[in-house]
Colleague: 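Just passing along the structure, written as structure tokens.
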Amino acid sequence: MDEIYDPAAVERAAQDYWERHRTFEVREDAGRQKYYCLSMLPYPSGRLHMGHVRNYTIGDVLARFMRMQGRNVLQPMGWDAFGLPAENAAMSNRVPPARWTRQNIEYMRSQLKSLGFGIDWSRELATCDPSYYRWNQWLFLRMLEKGIAYRKTGVVNWDPVDQTVLANEQVIEGRGWRTGALVEKREIPMYYLDITRYAEELLGDLERLPGWPERVKVMQANWIGRSEGCEIAFPYAPDTRSALSADGALKVFTTRADTLFGVTFMAIAAEHPIALTASSGNPRLAAFVDECRRGSVMEADVATQDKKGMPTGLHVLHPFTGKPIEIWVANYVLMSYGEGAVMGVPAHDERDFEFALKNNLRIAAVVRSKTGAYEHVQAPWNPAYSEYGISVDSGEFSGLEFRAAVDAIAAALEKRGLGRRRIQYRLRDWGISRQRYWGCPIPLIHCGRCGEVPVPDEQLPVLLPEDLAPDGSGNPLNKTPAFYQCVCPKCGGAARRETDTMDTFVDSSWYYLRYTCPDQARAMVDERVAYWLPVDQYIGGIEHAILHLLYSRFWTKVMRDLTLMACDEPFTNLLTQGMVLNHIYSCATTEGRRRYFNPAGVRPRSENGVDIFEATTTEGETVRVEYGGLGKMSKSENNGVDPEGLIARFGADTARLFTMFASPPEQTLEWSDEGVQGASRFIRRLWSAVHEHVRQGLPAGAAAGTSSDVGKALRRAAHHALAKATDDIGRRRNFNTAIAAGMELLNAVGRFDDASEGGRAVQHEALEIITLMLSPIIPHVCHALWHALGHERAVVDEPWPAVDEGALVQDTVEYVVQVNGKLRGRIRLAAGSDENTVRQAALADEQVARFVDGKPVRKAIVVPGKLINIVV
RNA sequence: GCCCGGGUGGCGAAAUCGGUAGACGCAAGGGACUUAAAAUCCCUCGGGGGCAACCCCAUGCCGGUUCGAGUCCGGCCCCGGGCACCA
């Protein structure tokens with residue numbers, strides 16, 4: 001029965017074995033070195049996709065490899081179970097999100113199990129379980145106590161038809177993606193987490209993460225966006241004082257305090273309080289402010305807008321000259337950065353320049369570049385205008401170079417109480433309120449008498465009712481009195497429960513901590529977290545390079561400061577796997593849209609020597625389709641490959657082998673049906689090689705005792721492949737080349753024909769090495785083959801084999817001979833030959849002699865054991 | 001606009017510290033087995049020249065450093081990604 005490889009039977013047997021023996025359930029063991037291998041938890045969308053298969057296979061290979069290296073390996077799995085798709089599914093088929101989500105989890109868990117991942121399922125969690133999200137609520141209350149969580153009015157995209165907040169991605173050309181209604185910017189109260197309090201540490205600690213890809217660290221650093229500059233206060237002129245009926249000053253932040261004498265206007269955001277006051281008696285200004293506040297809050301859209309503005313008629317005074325400067329409302333000033341106001345220096349800032357040109361504002365140059373590249377600032381804009389240089393026309397500060405000018409101006413401002421040096425971050429506080437049903441309730445109560453009252457700890461968790469189904473008309477919690485009606489914990493009076501839920505990024509910010517103690521009912525985490533954390537290897541998509549990874553780092557630091565644990569950087573090593581790509585085929589529809597066809601159903605055909613592609617529509621019609629290149633597998637472009645079909649046809653090992661072999665993990669992976677066939681072919685070849693070998697009985701002798709040249713050569717090949725796989729998996733994380741080494745070794749076994757007892761022992765050893773070294777990648781087939789090779793113990797419990805250095809030693813080595821750097825011959829020499837011997841032998845070579853051609857040898861460079869270059 | 005990656009056969013890729021460019025796999029072509037097909041096995045497979053031994057060219061383009069460059073340096077072209085009026 002073993003003659004034919006039957007993946008379904010082989011995989012069932014191996015998986016049964018692991019399950020029966022609870023192979024992957026782990027416990028803390030102070031005596032063993034731990035290895036926490038974590039893959040990003042999936043959203044339970046319904047079915048696994050290839051991205052999941054790739055992600056979890058990478059994690060599983062590392063987990064199994066480390067297990068063989070003797071480490072106490074934790075590889076958990078859970079579900080990022082709250083979120084929008086469940087609500088959308090509820091709207092289209094009237095199923096409560098809870099039921100839809102839990103059904104999906106059931107199904108996807110069985111899919112994960114069919115792939116044979118070595119997961120400790122006893123630690124599984126779902127973020128929609130009250131036993132999990134109660135601790136979101138608990139920590140939120142601690143943050144509230146510390147002032148890290150706070151309430152503030154925030155600007156959101158508001159869909160007036162659905163009565164709901166839209167994420168930026170849900171706003172398409174200014175309209176709601178579902179309703180098509182014009183989206184409004186609306187200010188609503190939201191809860192924020194003060195991540196900016198940790199900006200400095202989040203930035204600085206990136207240097208302590210050598211195991212992270214450089215580009216992820218750069219992306220985070222850019223996102224945090226640290227700027228050194230000055231805060232400058234421009235005192236209100238009398239007109240502003242009376243309009244606001246207050247004394248005071250308009251504050252701005254600038255990185256170019258040296259250009260302070262070049263200010264010709266002030267620009268404030270439409271949301272700035274002064275803009276609101278100024279527009280009250282000015283309908284035209286009010287209309288402009290209104291226009292600015294409508295439309296997308298997406299910054300990429302804002303960035304491409306024309307610079308527009310309108311004067312307020314109000315003024316401030318220059319902090320040094322005392323001259324009045326008019327305040328303008330400008331659409332390019334962001335309320336959410338700095339002070340929501342800027343000093344307009346058109347001569348030295350491109351945006352201010354554009355604005356001044358459009359509005360006929362004065363341009364005053366106050367910096368001369370060191371190269372003297374320009375004298376007068378005039379249109380068109382020249383990038384040199386914004387270069388650092390020597391201050392001119394700047395009163396007492398004239399003649400100073402950038403740094404000195406900033407120092408002197410900052411000091412002078414500070415003396416007058418009109419400014420100071422300050423660091424500004426681009427990072428904003430994290431707004432976590434979502435006007436959504438399917439999420440973790442925010443544990444607050446609004447009382448008419450007591451105001452905002454936290455839910456007492458003993459009343460946690462605030463349970464989310466699971467029987468509701470949104471219908472598109474806003475958050476159903478708002479229409480469920482049983483949820484929102486409550487008593488105020490302070491005064492006992494009638495009160496209203498907060499109906500907003502938390503951003504799902506909250507859920508995924510600490511799940512990796514909870515895996516260490518999922519059964520802990522009394523605390524968020526316990527002492528087990530100290531054993532397992534930090535995560536040794538984290539694996540996930542590059543799309544989480546900023547938000548998820550930054551939030552998790554922040555959350556960890558908050559928990560450290562609350563002394564819940566000592567760890568302050570959660571992920572020691574990070575591997576960001578590339579996307580899985582497939583071909584895209586589509587045709588235009590009569591409505592001018594595109595209709596996409598799955599590549600599996602596309603038939604290529606040659607017509608008059610031109611390649612054309614055809615597909616069949618759901619109506620059974622044959623249509624001609626266009627090839628659209630490669631793209632990420634996605635629903636919208638209908639180019640996904642269902643892992644389930646792949647496993648049914650070829651088995652999980654083939655799916656795993658293909659995804660690991662086709663490209664290195666960080667790079668994109670191009671789907672190839674032929675490549676899958678190739679992976680399957682290799683597994684069958686390995687299967688028959690082992691069975692053919694053992695059919696002749698197990699050899700008695702030891703491989704190390706072989707004396708034949710071919711035997712020694714195969715031993716060398718086997719140990720060389722093993723050394724390569726050890727380094728490739730363990731250090732380089734290049735699984736494709738480790739697999740190639742295994743294939744090469746199997747090819748060598750195929751060519752090997754020494755049927756003597758010694759030869760068979762060497763062959764046996766080589767097959768054992770292949771089985772062991774590939775077992776992390778194709779664990780099921782290796783489980784079967786290891787038993788076939790005569791072993792009692794399961795391969796999963798075997799240690800990683802040691803390289804026999806003695807087997808790698810060669811008696812003779814091949815030298816490449818170059819003449820003037822060009823390859824001219826090869827010579828075989830005894831290992832350890834001295835330079836002179838190498839040189840003599842090289843010059844004696846006929847081919848080499850031809851190219852030396854009697855010319856005097858000027859130089860000969862010898863790379864021991866490898867190469868000699870003769871320079872003539 | 002700024003900041004990262006990356007350009008190597010027909011294709012996915014390899015070459016890890018400056019030392020034999022193209023390992024491994026896919027596709028293709030040829031052959032064996034077969035009534036036939038599939039599967040399997042063997043051979044060829046960057047381009048050009050040569051009867052052959054071999055030679056020349058070739059890692060996006062131009063230049064440089066070096067005995068020697070896919071790899072290092074300078075300049076450009078193209079592709080992908082991130083951020084994007086951040087004052």
Side-chain angles (χ1 to χ4, degrees), chain A residues 213-223 225-227 229 252-256 259 267 298-307 330-334 336-345 348-352 354-355 383 424-428 542-543 545-546 578-579 657-658 661-664 666-679 681-682 684-685 688 724 727-728 731-732 734 736-747 750 814-826 846-847 850-851 858-863 866-872:
Chain A
E214 204 51 42
R215 69 173 172 145
V216 172
K217 289 191 278 185
V218 169
M219 280 160 75
Q220 290 214 352
N222 290 343
W223 187 261
R226 183 181 192 274
S227 291
V252 301
F253 173 77
T254 179
T255 55
R256 291 299 302 270
T259 64
M298 264 192 96
E299 288 161 4
D301 295 344
V302 176
T304 53
Q305 278 172 14
D306 257 4
K307 306 241 173 331
N331 66 349
Y332 71 95
V333 180
L334 302 172
S336 49
Y337 184 80
E339 303 292 337
V342 302
M343 58 183 211
V345 187
H348 305 293
D349 180 280
E350 187 174 0
R351 296 153 300 181
D352 296 344
E354 211 182 296
F355 187 79
Q424 173 71 40
Y425 294 95
R426 206 191 71 101
L427 181 69
R428 280 140 211 208
I542 185 73
E543 66 273 22
I546 297 172
M579 297 181 296
L657 183 63
F658 171 72
F661 180 61
S663 52
E666 311 242 42
Q667 271 180 49
T668 55
L669 183 149
E670 291 178 26
W671 192 258
S672 155
D673 287 327
E674 293 80 17
V676 173
Q677 301 265 8
R681 189 176 305 144
F682 170 75
R684 289 196 308 267
R685 283 213 305 135
S688 45
K724 174 137 182 73
D727 189 49
D728 283 351
R731 180 180 64 87
R732 299 208 306 149
N734 270 14
N736 54 332
T737 49
I739 295 165
M743 290 173 166
E744 234 177 317
L745 179 54
L746 185 64
N747 290 343
E814 187 185 78
Y815 271 84
V816 162
V817 186
Q818 296 180 336
V819 178
N820 289 338
K822 292 208 173 204
L823 175 67
R824 296 303 180 193
R826 293 153 201 275
E846 198 182 315
Q847 221 15 258
R850 250 185 65 205
F851 282 90
R858 288 201 291 149
K859 212 176 190 182
I861 290 117
V862 177
V863 182
K866 266 198 154 166
L867 171 145
I868 173 167
N869 187 13
I870 296 161
V871 187
V872 293

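Note on naming: letters A, B, ... go to the chains in the order of the sequence lines (proteins, then strands), and numbering restarts at 1 for each one. No hydrogens, no waters, no symmetry mates; every other heavy atom, side chains included, goes into these values.
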Colleague: What nitrogen or oxygen pairs link the protein and nucleotides 13-15 of chain B at under 3.5 Å?
Modeller:
unit_1: A13(B); atom_1: OP1; unit_2: Gln667(A); atom_2: OE1; d: 3.4
unit_1: A14(B); atom_1: OP1; unit_2: Asn736(A); atom_2: ND2; d: 3.2
unit_1: A15(B); atom_1: OP1; unit_2: Arg732(A); atom_2: NH1; d: 3.0
unit_1: A15(B); atom_1: OP1; unit_2: Arg732(A); atom_2: NH2; d: 2.9

Colleague: What about Arg826(A): does its side chain form a donor-acceptor pair under 3.5 Å with the base of U20(B)?
Modeller: yes
Colleague: Measuring from the side chain of Thr255(A) (C-beta onward, heavy atoms only), which nucleotide among C3(B), C85(B), A87(B) has the closest atom?
Modeller: A87(B)
Colleague: Between C67(B), A27(B), A87(B), which nucleotide gets closest to the side-chain atoms of Asn869(A)?
Modeller: C67(B)
Colleague: Kindly point out which of U20(B), G25(B), G19(B) is positioned nearest to the side chain of Val863(A)?
Modeller: G19(B)
Colleague: Would you mind pulling out the nucleotide paired to G5(B), Watson-Crick or G-U wobble, both distances under 3.5 Å?
Modeller: C79(B)
Colleague: Counting the atoms with a prime plus P, OP1 and OP2 as sugar-phosphate, which does Ser672(A) contact under 4.0 Å by heavy atoms, base, sugar-phosphate, or nothing?
Modeller: nothing
Colleague: Under 4.0 Å: is that the gap between some side-chain N or O of Lys822(A) and OP1 or OP2 of C57(B)?
Modeller: yes
Colleague: Give the rounded distance in Å between these two atoms: CD of Gln677(A) and C1' of C26(B).
Modeller: 11 Å
Colleague: May I ask which nucleotide in the shown strands pairs with G50(B), Watson-Crick or G-U wobble, both distances under 3.5 Å?
Modeller: none
Colleague: Using Watson-Crick or G-U wobble geometry with both distances under 3.5 Å, which nucleotide pairs with A87(B)?
Modeller: none
Colleague: Given C55(B), is OP1 or OP2 found less than 4.0 Å from the side-chain N or O atoms of Gln847(A)?
Modeller: yes
Colleague: Considering only heavy atoms and no angle criterion, is a donor-acceptor pair shorter than 3.5 Å present between the side chain of Arg731(A) and the base of U16(B)?
Modeller: yes
Colleague: Take the protein atom CD1 of Ile542(A) and the nucleotide atom C1' of G6(B), then report the distance between them rounded to whole Å.
Modeller: 14 Å
Colleague: Taking the side chain of Leu823(A) as heavy atoms from C-beta outward, which of C83(B), U20(B), C26(B) is closest to it?
Modeller: U20(B)
